[in-house]
Number of protein chains: 2
Amino acid sequence: MTQHAYLVDDDEAIRDSLTWLLESRGVACASYPSAEDFLAAWDSSLAGCIVLDIRMDGMSGPELFELLCERGCKLPVIFLTGHGDVPMAVSALKKGAFDFVEKPCNDNELVNRVIEALKLDANQRVAASDSDSVNSLIARLTTRERQVMELVLSGKLNKLIADELQISMRTVEVHRANLLEKMGVRTAVELAQLLAGKR
Amino acid sequence: MTQHAYLVDDDEAIRDSLTWLLESRGVACASYPSAEDFLAAWDSSLAGCIVLDIRMDGMSGPELFELLCERGCKLPVIFLTGHGDVPMAVSALKKGAFDFVEKPCNDNELVNRVIEALKLDANQRVAASDSDSVNSLIARLTTRERQVMELVLSGKLNKLIADELQISMRTVEVHRANLLEKMGVRTAVELAQLLAGKR
DNA sequence: GCGCATATTGTGGAAATCCGCAATGCTGGC
DNA sequence: GCCAGCATTGCGGATTTCCACAATATGCGC
């Protein structure tokens, strides 16, 4: 999915000038005149970042942000704000908003923030994909393979694993070989590294 | 080092009432009437969190925060703020400030934030200590042991390690046994897990 | 009933790991 | 020169890991 900067602002002049500005820097844009419009268009496959005005008719920026968070949206959000509201800013940042930029703003500053947000989105996608891959590998293990894997990862000898599971050592070897193959690694060390942080 | 809530505010009444409030909830306090006073008292062994007023005569809260960050201070900082200043709030949060609480504030809210900040401080200390411990273990390895360790962690057989380093397999075994002992682990799997994230 | 997936087990042999015991050589500090 | 630390190596033996080949039993879906 191609990354876009999703511009959400009821002021058409701002949407147009931001679109022009960002596209001249190679950033694909999609603009929406209201929070409701973007919400209707959003789905979890969208890639990029959101540039979101705080004050709009109808649903406000923070309200949209809240709803997107509830729906699991991970896109970085840059708020455009013309008035100070510290509690709202603190609250949004703590909920994961990427940044606040005050209007009127320096063109370069905003574009740079957008580009940073796009980088963050890209990095998050890679990390999530890695995590999904490992999880799907684990999901393909049989119950017994998973049991043996846990014991291998706790550093036990095959002999002790056999004692603990009350099976033969040969069976432990079979499961061990199968699980390493399914996890796409050759050794228990590689397995431990693959699963680092997932335990 | 005992954790304290370090209260920095030029208003004595606020310092006193916060002290009373926090101590009645079991939090040790130390208060300072100015940013300069706290800065003079600070050193990196202090444990706890900082409750910091924004507006003070002399050095301001954000200025103190800036200086502390430059000096490597990791204590969580809760800003007390009576006026909105979004860019300052956004900037401080992005630099790692723990929270902003507006004055006048709900007593329970502030105490809860302080207690959360103390927990964060404690967790950070444990994590830093773990990291230091592993680093000091690594520092005790000889050059050769470190080389062998890297190759073990990349999953190579002793035989291949011996080829690569142009030494005998017995020597690899000696280094391998020595490094595992020095790192306090019994197997390469445990070693990989100990070093997860440090590579 | 048949086929498939899974779990289990045994045999035999090869390879890898581990380690006690013993020894040599080099370097740096006292 | 002596000693400690480090690097290196060999021998012999024990243990562990790995796996081809082969087989049986159970449960499930068609």
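Sequence lines set the chain letters: A, B, ... in the order given, protein chains first and strands last, and positions in each chain run from 1.
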Run the salt-bridge test on [X] and [Y] with the 4.0 Å N-O cut-off and return the result as yes or no.
{"X": "B:D10", "Y": "B:R55", "answer": "no"}
{"X": "B:D11", "Y": "B:R15", "answer": "no"}
{"X": "A:R113", "Y": "A:E109", "answer": "no"}

Criterion salt bridge (Lys or Arg N to Asp or Glu O under 4.0 Å) on B:E116 and B:K119, from CA distance to verdict: CA-CA 5 Å; B:E116 288 303 312; B:K119 280 184 197 162; 3.5 Å; yes
Polar contact flag, side-chain donor to acceptor under 3.5 angstrom, [X]-[Y]:
{"X": "B:S129", "Y": "B:D132", "result": "no"}
{"X": "A:S136", "Y": "A:S133", "result": "no"}
{"X": "A:N158", "Y": "A:E173", "result": "no"}

- prompt: Between A:N112 (side chain) and A:N108 (backbone), is there a donor-acceptor pair under 3.5 Å?
  reply: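 Confirmed, A:N112 side chain pairs with A:N108 backbone.
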message: Under 4.0 Å from a heavy atom of chain A: give me the 5'-most and 3'-most nucleotides of DNA chain D that qualify.
response: D:dT16 to D:dC21
- prompt: Checking side-chain hydrogen bond (donor to acceptor under 3.5 Å, both in side chains) against A:Q147, which of A:E150, A:E145, A:R144 comes through?
  reply: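 Running side-chain hydrogen bond (donor to acceptor under 3.5 Å, both in side chains) over A:E150, A:E145, A:R144 with A:Q147 returns exactly one hit, A:R144.
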Between the protein and nucleotides 7-11 of chain C, which nitrogen or oxygen pairs are less than 3.5 angstrom apart?
residue: C:dA7; atom: OP1; partner: A:T142; partner atom: OG1; Å: 3.0
residue: C:dA7; atom: OP1; partner: A:R144; partner atom: N; Å: 3.3
residue: C:dA7; atom: OP2; partner: A:T142; partner atom: OG1; Å: 2.7
residue: C:dT8; atom: OP1; partner: A:R144; partner atom: NE; Å: 3.0
residue: C:dT8; atom: OP1; partner: A:R144; partner atom: NH2; Å: 2.9
residue: C:dT8; atom: OP2; partner: A:R144; partner atom: NE; Å: 3.1
residue: C:dT8; atom: OP2; partner: A:H175; partner atom: NE2; Å: 2.8
residue: C:dT9; atom: OP2; partner: A:S168; partner atom: N; Å: 2.6
residue: C:dT9; atom: OP2; partner: A:S168; partner atom: OG; Å: 3.4
residue: C:dT9; atom: OP2; partner: A:T171; partner atom: OG1; Å: 3.2
residue: C:dG10; atom: O6; partner: A:R170; partner atom: NE; Å: 3.2
residue: C:dT11; atom: O4; partner: A:R170; partner atom: NE; Å: 3.3

- prompt: Of all of residues 155-162 of chain A, which get a heavy atom below 4.0 angstrom from DNA chain D, listed by number?
  reply: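 Going residue by residue through residues 155-162 of chain A, the ones with a heavy atom under 4.0 Å of DNA chain D turn out to be A:L157, A:N158, A:K159.
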query: Roughly, in whole Å, what's the span from CD in A:Q147 to P in C:dT6?
result: 15 Å
Rounded distance [0.5 Å steps], CG in A:D85 versus CZ in A:F79: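 Answer for the CG-CZ pair, A:D85 versus A:F79, is 11.0 Å.
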